[in-house]
Every structure is written in structure tokens, then in C-alpha cells.
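Labels below follow one simple rule: chain letters A, B, ... track the order of the sequence lines, proteins then strands, and each chain is numbered from 1. It should be emphasised that the depicted structure is a prediction, and the values quoted were computed from it without experimental measurement.
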Amino acid sequence: MMNGTTIKSGLSGLLPWILPALFFLTWIIVSGTGLAPTYLLPHPETIGRAGVAYIFGDPDQGAYAGRFLSDARASLFRVLMGFSLAALLGIPLGILSGRTMVVRRLLSAFVNGLRAVPGICWLPLALVWFGIGLKTTIFLVALAAFFPIYLNAAAGARSVDPLLLQAGAMMGVRRLRGTFAILLPAAMPSIMTGLRLGLGIAWAYLVLGELTGVPDGLGAVIMDARMLGRIDIIVVGIILIAVMGRISDLILKSALRQLFKSARRLT
Amino acid sequence: MKPRLTVVSQKAAPDVRSPILEVRSLTKVFRSAHAPVKVLADIDIAAAAGELICILGPSGCGKSTLLKILSGFIRPSAGEMRLNNRPITRPGPDRCVVFQEDALFPWLTVAENIAFGLRGKMKDRKAARQEVDRFLSLVGLTAYRDYLPREISGGMKQRVALARVLILQPQVLLMDEPFASLDALAREEMQNLLLSLWDQLSHTILFVTHDVVEAATLADRILVMDKNPGHICAEIPVTPDRPRRQDEPGFIRFCRTLHDGLRGGFSERNFPGWP
């Protein structure tokens, strides 16, 4: 069928790929013709080869070969720990402050004050407190992920339709069950948004935490490769972090949808 | 497709001398920024078990506030409320509310919404399921049990709202203009459904409305409210058998008198009534 609609839908299917394609084309031209020296911008093929070696290679094949699994495992563990900590604190506190005037007034000035501090400022202090490594990274990740989780949970809890809570009350639902059976599901879309934003930020602060000289992790690999002038490995690291961030977001989303009716039916 | 619901049998006349719900000199004053506003003054109501009372009044007369106080969401400023001789202090499943707006839980299906209040009350899972099925068929929604509220019409939502409270077997059903947002056809259907359910389950119903025809169709007794401050200005017994045909001369005449009375104010507390 060669009518206007099919052409249009074909074009709109292509639309998201136009810019990436142009980007790669420019990249290939720039580094293939030598317009940019390869020590600043390696050819995509070099990067592809470095990536394959990093992920699938044998450890004795080269400096970074085959390190991906152990790096990814280390990074994933730090992200998960920090993110879980943030969620465990952020969701209950957020719900509480969204529903209770006292808690809201108690927390809001403090939380908003802390939020104004750029996360990177905590790095020197965290290094002094926790030393280089796991604890510092988890601290930074948890701190950064806490704010979006807390704020969205609070906003979600505050905007729950009071009619739903009244309906629950007249059906004989008391406080505790009301919280879990009405408040949480009704606030679920906001909570989910907060968790997803928090997870995204968690990956950003993971790299910050790992830049400080830990031996493993994706952030550490990037920093290490800079010292050794391996631009290809830096780019590979960046791409892998982006991919892992995206995949973890998808997993989080589908896990929430699996676990909660409200996440499945309201978002 | 859906069977028209009409009432066949008639119940005995309600006994007003031993009321199940009693309200005495209920007053509500709202504190506003400028001055206190009296929204309800000296409300007296006595509802017999199984009686269907319509509270009819113009918007702003405090009839919704009265219902909110009776359901326990708002505290009265003064006065007494008793259900079965026990004072009313907080919301509870003995006085269930059907709200005007859609107050279903949007993340639960029709059947789950109806089952919501049963959880914690009925331990036996199988019996609870049967009960849900019974009420689904009572309101004619068996085919829609797995639909979400956003997937069904306004009339169907109000059926679910009705079923989810009736299943709790409340002593009094408080209805706050529940059919006001429906179209005329759906409203008539819901009125018939309500009458048929009332006939089967014999609840005491307090039905708030501003619609003269609705009050004349449903009520055993109409309490007319007026505003500034909200008070009951007339009490009108309505005794004709149901179903009441809305094109009958007597019905039309009665509605007209009600309408005129609402407009001009009822001069005396005891209005002639119908017939």
C-alpha cells in the first residue's frame, strides 16, 4: 500500500534514528579523515574492538580485557546498596511528611537545605569519614538518590484524593490498613517516578564515588583509562554505564509492575 | 440487554415511633476568616428502620454537610446523633456513604472494589467470594467484574459504589446526590435499582437530592431544607405505592407544589403531603 499514511508512519519510525545516524556518520568522517587526532577521538571501530575485548576478552589478552563482569558486579552492588538505602528511608519519610503536618514542618527546612548542597561537595567529607571505597560510594549514591525519592513520595501522598481515604474510613478501614491498602497504591505513580529518578541519579553518583581511586567498578575503569591515555576505554565505559542505567530502569519498572497492582494499573 | 428493574412487592409502613437513627438539635458553625458562619441550625431527624427519607433542598443549604456529619467525617458544633441508641462519633461501616463523585479505588477491578470492605471482616475466603458474586449480580455487573473503574460508565461506577457498601450490611445508607452526575436515562435506571435493592435488603436510607422528581419518586418522607442557616422547613409524608409513574397527574401536581414550595419557602412545617 503506497498511500500517504504508510509513508508517514515509515518516516516517523525512522525519526528517532536520524540524529544518532548523523552523529555516527560525522564521527566516522572526522576520525577517518584525520580531522581530529585519534588520541583525542578514536575511530568507532577501535572503540568497538576495545569494547569487545573489555567485555568478552581473556584477562591475559591486554590491560582491560575481560574485566567487565567484575567491574559491573562491583558497580551494580554499590548502586543497589545506595539506592535501597535511599528508598528505605525516602519512601516512609516522604509518605509521613506528605500526610502529617508535624513531620512535614519538621523535615522540610532541613531536607530542602541539604538538597541545595551540590552532591559533589560531600565527596571530600565522605572521604574523610568513610575512606576510599565502598562506604563512600554508597553514602554518595544514597544521599543523592534520597531526594527525588523522598520528594516524590511526599508529593504523591499529599495529593491523594481525600475522598478515597473517606471511602476507606466509612468502610471501616483503620489507619494501618488504610496506609497500605489506600494511601500507598494511590501514591504509587509518584513513588514510582521518584524511584526511577533516584535510580538514574544513583548511577551518576556511582561514577563520582568510584573516581576517587577504588580498584574496580565502571567509574574506576574510566578514571584509570584516563591516566593511561586509553580514550577508547573511556568511551566504552561511558556507553556501558548508559546501557546499564537504562537496563536497570527497565528492570525496576517491570519489577514494580509485577509486585504492585497499582503500579501495573495506574501507570 | 439489562433487565428493567421495577418494584413488585410493598413493605409495611415504617414505624417512626422507634427510630433507628435519631438526630437532635444538631448545629454546625464553620469558622471562617471574617466571622463564624452557621451552616446548620437545630436539625431534628428521626428515621425508622427501613425508611427511605429524602432530604431535599437548594444547593448551599447544608444538606451535604449534614450527611458528612452523620457519616462522621465532620464533627457537629452542637447537638446529638444516635444510631441504635449509640452516639455517632466517627466514620464506620454501620453508616455507609455513596458519594456524588466517583470514589472507587482506581487500581482495583469492579469485583475487588466490591470486596474491599469485606477483607478483614470476613475471614472465610470462599464465602467472601460468593458474597461478592451475589452483590455483583444484584447490581447487574457480573459481566464487568474484571473491569477497572476507568473502563466503565458513570452509571456503572455508581452501581459499584452501591454494591461495595451494601455488601457491608450497613444499618443506614447515606447517599449524597449519588445520581446527580448521570444522564436522565441512567438516573432513572439507578433509581429503580435502588428501590429494588432497598426492597430486598431493607436498609434505612437517607438520600440527599436537589431534584424534586427524584425525591417524589423515591421517598417515604421528604425533609425539605432551606438555607441561611440550613434548617428543615417542612416534613412531607409521601405514601403512594411504588412504582410511582412520573406521568401521572397526581405525581406531576405533587412535584409542582414541591417545586413552588422550594422556591417560595414553605410557610408551615407540616405540608399537606401526597396523596
Side-chain angles (χ1 to χ4, degrees), chain A residues 87 91-92 94-95 98-101 152-196 252-267, chain B residues 64 67-74 88-122 146-151 157-158 160-176 178:
Chain A
I91 293 174
I95 300 260
R99 295 306 312 177
T100 329
M101 197 55 174
N152 278 286
R158 199 164 43 236
S159 61
V160 168
D161 188 348
L163 208 58
L164 295 183
L165 298 170
Q166 286 188 353
M170 66 97 181
M171 287 191 281
V173 174
R174 294 270 173 273
R175 199 112 188 202
L176 188 69
R177 198 189 150 211
T179 306
F180 287 99
I182 302 174
L183 199 56
L184 266 182
M188 185 55 79
S190 293
I191 294 174
M192 200 163 157
T193 306
L195 286 175
R196 293 179 64 190
L252 175 71
K253 208 166 96 178
S254 60
L256 286 172
R257 281 168 172 254
Q258 277 293 318
L259 286 172
F260 300 105
K261 269 181 204 154
S262 48
R264 193 157 60 243
R265 290 169 180 170
L266 294 182
T267 59
Chain B
S64 285
L67 219 62
K68 285 217 165 71
I69 292 175
L70 287 176
S71 45
F73 297 132
I74 308 179
I88 294 171
T89 51
R90 66 205 278 190
D94 53 353
R95 286 155 287 123
C96 279
V97 188
V98 178
F99 298 95
Q100 177 178 357
E101 314 96 289
D102 167 27
L104 301 178
F105 301 121
W107 59 89
L108 297 179
T109 62
V110 165
E112 288 166 343
N113 262 294
I114 295 176
F116 186 89
L118 274 190
R119 257 180 289 165
K121 197 184 160 200
M122 262 176 103
D146 294 325
Y147 281 60
L148 289 175
R150 64 161 179 267
E151 296 164 337
K157 280 183 197 168
Q158 288 309 66
V160 180
L162 205 53
R164 76 167 175 183
V165 296
L166 287 178
I167 202 170
L168 300 175
Q169 299 170 341
Q171 311 218 15
V172 178
L173 200 57
L174 303 168
M175 308 188 74
D176 185 8

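- Between chain A and the residues B:P170, B:G117, B:P93, B:G72, the most heavy-atom pairs under 4.5 angstrom are made by B:P93.
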**Request:** Test side chain to side chain contact (heavy atoms under 4.5 Å, CB included) on B:W107 and A:T267 and set out the steps.
**Result:** CA-CA 10 Å; B:W107 59 89; A:T267 59; over 6 Å; no

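- With a 4.5 Å cut-off on non-hydrogen atoms, A:A263 does not touch chain B at all.
- The shortest heavy-atom contact between B:A103 and A:A167 is O-CB, 4.0 Å.
- For the pair A:R265 and B:E112, the salt-bridge criterion is met [side-chain N within less than 4.0 Å of a carboxylate O].
- B:V165 touches chain A through its side chain: at least one heavy atom from C-beta onward sits under 4.5 Å away, while N, CA, C and O do not.
- Heavy atoms closer than 4.5 Å to chain A are found in the backbone of B:D102, but not in its side chain.
- A 6.0 Å sphere centred on OH of B:Y147 holds no more than 12 heavy atoms belonging to other residues, nucleotides or ligands.
- Heavy atoms closer than 4.5 Å to chain B are found nowhere in A:R264, neither backbone nor side chain.
- The two atoms that bring A:L164 and B:L104 nearest to each other are CD2-O, 3.4 Å, heavy atoms only.
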**Request:** Given side chain to side chain contact (heavy atoms under 4.5 Å, CB included), test A:M171 with B:F116 step by step and report yes or no.
**Result:** CA-CA 8 Å; A:M171 287 191 281; B:F116 186 89; 3.7 Å; yes

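- In this structure, B:R119 forms no cation-pi arrangement with A:F180, as its terminal cationic atom is not both closer than 6.0 Å to the ring centre and no more than 45° off the ring axis.
- Using a 4.5 Å heavy-atom cutoff, the side chains of A:M170 and B:R95 are not in contact.
- Contacts of B:R150 with chain A are made by side-chain atoms alone, with heavy-atom separations under 4.5 Å and no backbone atom involved.
- In terms of heavy-atom pairs under 4.5 angstrom with chain B, the leader among A:A186, A:G172, A:S262, A:P185 is A:P185.
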